[in-house]
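Below is one structure; the comments refer to it alone.
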Protein chains: 2
Amino acid sequence: MPATQKLRTAPRKQAIQPRALATVDAILEATARILVREGYDHASTNRIAEAAGVSIGSLYQYFPSKEALVAALMDRHVEEMSIVLQRETARVLDAPFESAIEHVVQAMLAAHAVNPKLHKVFVEQVPRVGRLQKIRDIEEGALRLARDFLEHRRTELRPGLDLDLASFIVVATVEALTHAAVLYRPDLLADRRMVNEVRDVVVRYLT
Amino acid sequence: MPATQKLRTAPRKQAIQPRALATVDAILEATARILVREGYDHASTNRIAEAAGVSIGSLYQYFPSKEALVAALMDRHVEEMSIVLQRETARVLDAPFESAIEHVVQAMLAAHAVNPKLHKVFVEQVPRVGRLQKIRDIEEGALRLARDFLEHRRTELRPGLDLDLASFIVVATVEALTHAAVLYRPDLLADRRMVNEVRDVVVRYLT
DNA sequence: AGCGAACCTGAGCGGTCGCTCACATCATGG
DNA sequence: CCATGATGTGAGCGACCGCTCAGGTTCGCT
């Protein structure tokens with residue numbers, strides 16, 4: 001690279017002063033609001049900046065692209081969900097079989113109740129950002145965890161079960177029923193009957 | 001309306017001559033290809049017309065908007081799936097319980113195997129077109145069918161089952177496992193083991 | 001052959017989008 | 001209290017998008 005290349009560092013910047021932190025936060029909050037209210041492709045960066053009460057220039061000081069902005073919001077959302085998930089599943093994996101399943105289901109529902117509307121937008125509308133890979137990673141982690149759990153409790157399962165296939169089925173079922181609740185019946189996210197039914201589906205399938 | 005209003009009929013037109021039918025077909029085929037290959041928001045109408053080997057003007061002779069074009073493709077896809085579904089479930093709803101469930105599951109998987117990649121795009125990317133209502137209608141129809149079926153077979157189910165909740169659970173489970181297969185394990189769509197597992201999940205939950 | 005209808009063409013309009021940059025304002029340490 | 005970096009501004013650029021329209025080409029029919 002010749003000397004003329006000024007190394008134009010990409011416009012990503014780390015906020016330091018409290019004022020800047022507030023700006024970043026306002027932008028993320030506004031992004032969430034607009035995404036939920038208007039949908040992904042009506043959520044233009046200009047509109048987001050306006051809703052956040054900052055100029056479009058400020059937005060691009062902290063996020064190098066719209067994609068990066070949405071990805072950052074996604075990270076924050078996933079982080080919040082993970083905290084709930086881990087808190088609710090910390091001590092139960094050695095609990096009695098049925099109770100362990102129940103707690104995991106309960107945790108999934110609670111995690112998705114953090115911000116169901118935003119979650120719905122991510123699931124339904126946000127395009128194949130590179131971040132989709134991250135979702136796949138989470139998915140794969142869940143699959144491995146489930147697989148290990150089933151292996152560990154092998155003696156309590158009905159015989160003849162293909163553990164690989166069974167873990168795929170179980171993970172997909174719990175996730176999917178949770179998502180179905182998010183999309184169509186958000187009222188069920190906090191309903192104990194939902195927890196019981198999903199637990200029954202899984203336990204009856206496995207034992 | 002004053003006389004100056006020329007009643008500018010919207011640019012939708014019905015193709016008559018075979019040449020025109022071929023054009024319409026080429027446009028729909030190209031739309032499917034581009035949607036799968038590039039994703040919804042990189043699928044510009046100009047790009048689609050180019051891929052179809054017709055001019056952009058021709059495209060807008062038959063489809064009044066991009067939305068209408070995608071909706072038409074969606075209709076065609078849903079139609080193809082419905083044919084498979086109905087063919088596979090026509091005679092089995094009076095079959096023995098377990099066998100009936102199995103055939104429905106088998107039919108769902110077969111229907112989704114028609115064009116899984118396109119289905120994936122519709123599920124993941126196509127925004128809240130008005131057509132989303134149509135999907136909800138199908139969903140609701142499935143729910144009612146399931147509810148009626150369970151009612152009809154009430155004596156074969158375990159007691160204490162809340163039929164409303166149970167039909168939601170069953171429909172969501174079958175749909176969701178099918179979709180999980182479409183998205184992550186398309187190989188399972190034609191795998192008999194998958195049919196067996198999903199049937200087991202449902203039957204064990206219900207009886 | 002001739003003619004009206006059906007069909008097809010593609011340059012380009014009006015608009016929006018993501019994003020940049022030259023500059024203003026604020027906050028802090030010397 | 002001023003100098004300097006951190007922070008904030010917003011007009012506007014270039015690209016692309018959905019879509020139109022004035023006019024050409026082909027078809028079906030007499």
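Each chain gets a letter, A, B and so on, in the order the sequences are listed, and its residues count up from 1. Hydrogens, waters and symmetry mates play no part in the numbers below; they use all other heavy atoms, side chains included.
- With sequence neighbours left out, B:Glu102 forms a salt bridge (charged side-chain N to carboxylate O under 4.0 Å, His left out) with B:Arg192, B:Arg199.
- For the OP1/OP2 pair of D:dT9 and a distance below 4.0 Å, the side-chain nitrogens and oxygens of A:Ser55 include at least one atom meeting the criterion.
- Distances shorter than 4.0 Å separate some side-chain N or O of A:Thr45 from OP1 or OP2 on C:dG18.
- Residue B:Ser58 has a polar side-chain atom (N or O) positioned under 4.0 Å from OP1 or OP2 of C:dT9.
- In terms of polar N and O atoms assigned as donor or acceptor, the side chain of B:Asn46 comes within less than 3.5 Å of the base of D:dC19 in a complementary pairing.
- Each of A:Gly53 and B:Lys66 was matched to the nucleotide of DNA chain D holding its nearest heavy atom; the match closer to the 5' end belongs to A:Gly53.
- With a 6.0 Å cutoff to the six-membered ring centre and a 45° limit on the axis angle, B:Lys66 does not count as a cation-pi contact of B:Tyr60.
- Atom-to-atom distance recorded for B:Glu88:CD and B:His103:NE2 is 8.0 Å, nearest 0.5 angstrom.
- Screening residues 21-34 of chain A for salt bridge (Lys or Arg N to Asp or Glu O under 4.0 Å), with sequence neighbours left out, gives A:Asp25-A:Arg76, A:Glu29-A:Arg76.
- Taking atom CZ of residue B:Arg47 and atom C1' of nucleotide D:dC19, one finds them 18 Å apart after rounding to whole Å.
- Residues B:Arg154 and B:Glu151 are paired through a salt bridge, judged by an N-O separation under 4.0 Å between the basic side chain and the carboxylate.
- B:Gln61 places its CD atom 13 Å from the C1' atom of C:dG10, with the value rounded to the nearest Å.
- The phosphate of C:dC8 has OP1 or OP2 within less than 4.0 Å of a side-chain N or O from B:Thr23.
- The separation between B:Tyr60 atom OH and C:dG12 atom P is 19 Å, rounded to whole Å.
- Separating the CG atom of A:Leu59 from the P atom of C:dT20 is a distance of 11 Å, rounded to the nearest angstrom.
- As a whole-Å value, the separation of A:Leu21 CG from D:dT7 C1' is 12 Å.
- Here D:dG8 presents its C1' atom at 7 Å from CZ of A:Arg19, a figure rounded to the nearest Å.
- Rounded to an integer number of Å, the gap from CD1 of A:Ile56 to P of C:dA22 is 18 Å.
- Within 4.0 Å of A:Ser44, counting heavy atoms only, lie sugar-phosphate atoms of the nucleic acid but no base atom.
- Going from atom CD of A:Glu38 over to atom P of C:dT16 covers 14 Å, rounded to whole Å.
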